[in-house]
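Each chain gets a letter, A, B and so on, in the order the sequences are listed, and its residues count up from 1.
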2 protein chains.
Amino acid sequence: MPHDERPGAAGVDPEQLWLRPTEPRRGRKPSFSREGIVAAAVAMADAEGIEAVTMRRVAAQVGAGVMSLYSYAPDKETLLELMVDHVSGELTAADPPSGDWRTDLKTIAHLQRAHMLRHPWLPAALSTRRVPGPNTLAFLEHALAALRPTGLDGAAKLEVFAQLTAFVAGHVAHEITQAAAARSPDRGAAEARYLAAVAADGRHPELAEVLAAPGRPLTAEATFARFLGRLIDGLDAG
Amino acid sequence: MPHDERPGAAGVDPEQLWLRPTEPRRGRKPSFSREGIVAAAVAMADAEGIEAVTMRRVAAQVGAGVMSLYSYAPDKETLLELMVDHVSGELTAADPPSGDWRTDLKTIAHLQRAHMLRHPWLPAALSTRRVPGPNTLAFLEHALAALRPTGLDGAAKLEVFAQLTAFVAGHVAHEITQAAAARSPDRGAAEARYLAAVAADGRHPELAEVLAAPGRPLTAEATFARFLGRLIDGLDAG
DNA sequence: CTCTATTCTCGTACACTGTACGGAATAAAG
DNA sequence: CTTTATTCCGTACAGTGTACGAGAATAGAG
């Protein structure tokens, strides 16, 4: 599968990247696989965060020399795109649309949330992704099928899907930082003291009130479901 | 204003970062200012993208040695936090709430959208930010005031604000990549060919239909307003 | 078989990154 | 003055992505 890319202006040529299965009939056989390399990178990102993923470490994990990776992806940014599409493969095992697009969309969103919680580097990676790979497209196909009963036109369906994904990514990103803050008591306490100090300056009465009477805290799951419901139920209003 | 931080576990101590105005009464006087350094970094990020912002370049821009920056921010990640809060200062010049929380919220969202379009690195930066600085808190105060008529409790108001911000960030991120693709015709054409090829494989009928009949393309502004309306109008349903 | 074209592998090298260290410069306090 | 605190910044270092090119492996042509 390895194949060098053209030095195109900026970004990666999707045709070169995603199409063409196995062309080269001559020459040395590949010792590794794109699949294995990308899977190793994903495992590292899941376990240690995206910033722990370096070309050297991925190569070592796979048992390759560093520069060998460049036969499978033209640069690191492309490797990241491959990672995003790779994990999207987990999303394809979804039931066919039921016909009730509202519940189908909610199911899709819940799938995405679980997916992003499993791969916490995803929300940030999604905000700079370029071209959808095959797994991403398969999931998009699924979402479009679920949206068929709405009667929306093509552009509108794509927008709905993009917005839904962005919504989930935003929520999960928030959820992750909340969870991280809750896990380290020092951190949370320091932040609470800081906010209390700000609220005490008299120029933030609303903030002070919120801190004084925060209300009962809901689970992240419940909050997600509530906002999701509002977003989706609002979709046919306009 | 320069002050060294403690080597705390992870992240930055918000009390050390944001509080305390001018304490040091002894020692050499600062030749630069946090304000100026952060402003230079923001200008660079706006003009050349966030990845163009390096400590060396910022220092050169300001006329300082590289290591001098570390008297004003303990590390680069903190500098980024300072940048986020710095630009949030542009948001504070908003009218007081009108009492109609729906239109107030829409106004806020439109402010945020314009803000993020002006600083395209913001959406990505927001998904990993930690502690709100004074400007961010001022804007939050404004949003909380707008939400007062809803009668929601504190935690719910915070959630609404977080979700609204995430929504805008997601939309703008999408908008920016769309605009970038449209600006370079090679890129857009290659992507279109790629998608057409995928749609032609017969296993993506919904995608094929969308590509064949995309519907009339709306302006980004109109799409934003439409989704925003749906989101906000749905807020009192649940 | 040999020859040649093609492809993959990867050691070395380079420019560039964030930042630890420590000494020199400066300013106030004792 | 000396002492202490603070800022400035040159140097150095470990770590990054990746360009280059020499060598190894494979397939077809003769």
Phosphate-side-chain proximity, Lys29(B) and dT26(C), N/O vs OP1/OP2 below 4.0 Å: no
Any Tyr70(A) side-chain N or O less than 4.0 Å from OP1/OP2 of dT9(C): no
Distance, rounded to the nearest Å, where Asp75(B) contributes CG and dA20(C) contributes C1': 13 Å
Trace of the side chain to side chain contact (heavy atoms under 4.5 Å, CB included) decision for Leu69(A) with Val62(A): CA-CA 10 Å; Leu69(A) 298 188; Val62(A) 172; 5.5 Å; no
Strand-adjacent residues in residues 43-66 of chain A, judged by heavy atoms under 4.0 Å from DNA chain C: Ala64(A), Gly65(A)
Rounded distance (Å) that lies between atom C1' of dC8(D) and atom CG of Leu69(B): 11 Å
Electrostatic pair Arg203(A):Glu141(B) at N-O distance under 4.0 angstrom: no
Of the listed nucleotides dA29(C), dC8(D), dG18(C), the one nearest the side chain of Lys76(B): dG18(C)
Position toward the 5' end of DNA chain C (nearest nucleotide), Arg26(B) or Ser31(A): Ser31(A)
Atom-to-atom span, CD1 of Ile37(B) to C1' of dG18(C) - whole angstrom: 16 Å
Non-neighbouring partners of Thr223(A) that pass side-chain contact (heavy atoms from CB on, under 4.5 Å), sequence neighbours left out: His171(A), Leu218(A), Phe227(A), Glu159(B)
Side-chain N or O of Ser68(B) closer than 4.0 Å to phosphate OP1/OP2 of dT7(D): no
Side chains of Ser88(A) and Asp85(A), donor plus acceptor under 3.5 Å: no
Residue whose closest nucleotide on DNA chain D lies nearer the 5' end, Arg28(B) versus Met67(B): Arg28(B)
Mutual orientation of the aromatic rings belonging to His115(B) and His119(B) [parallel < 30°, tilted 30-60°, perpendicular > 60°]: perpendicular
By side-chain contact (heavy atoms from CB on, under 4.5 Å) - contacts of Ala138(B) (at least two apart): Thr92(B)
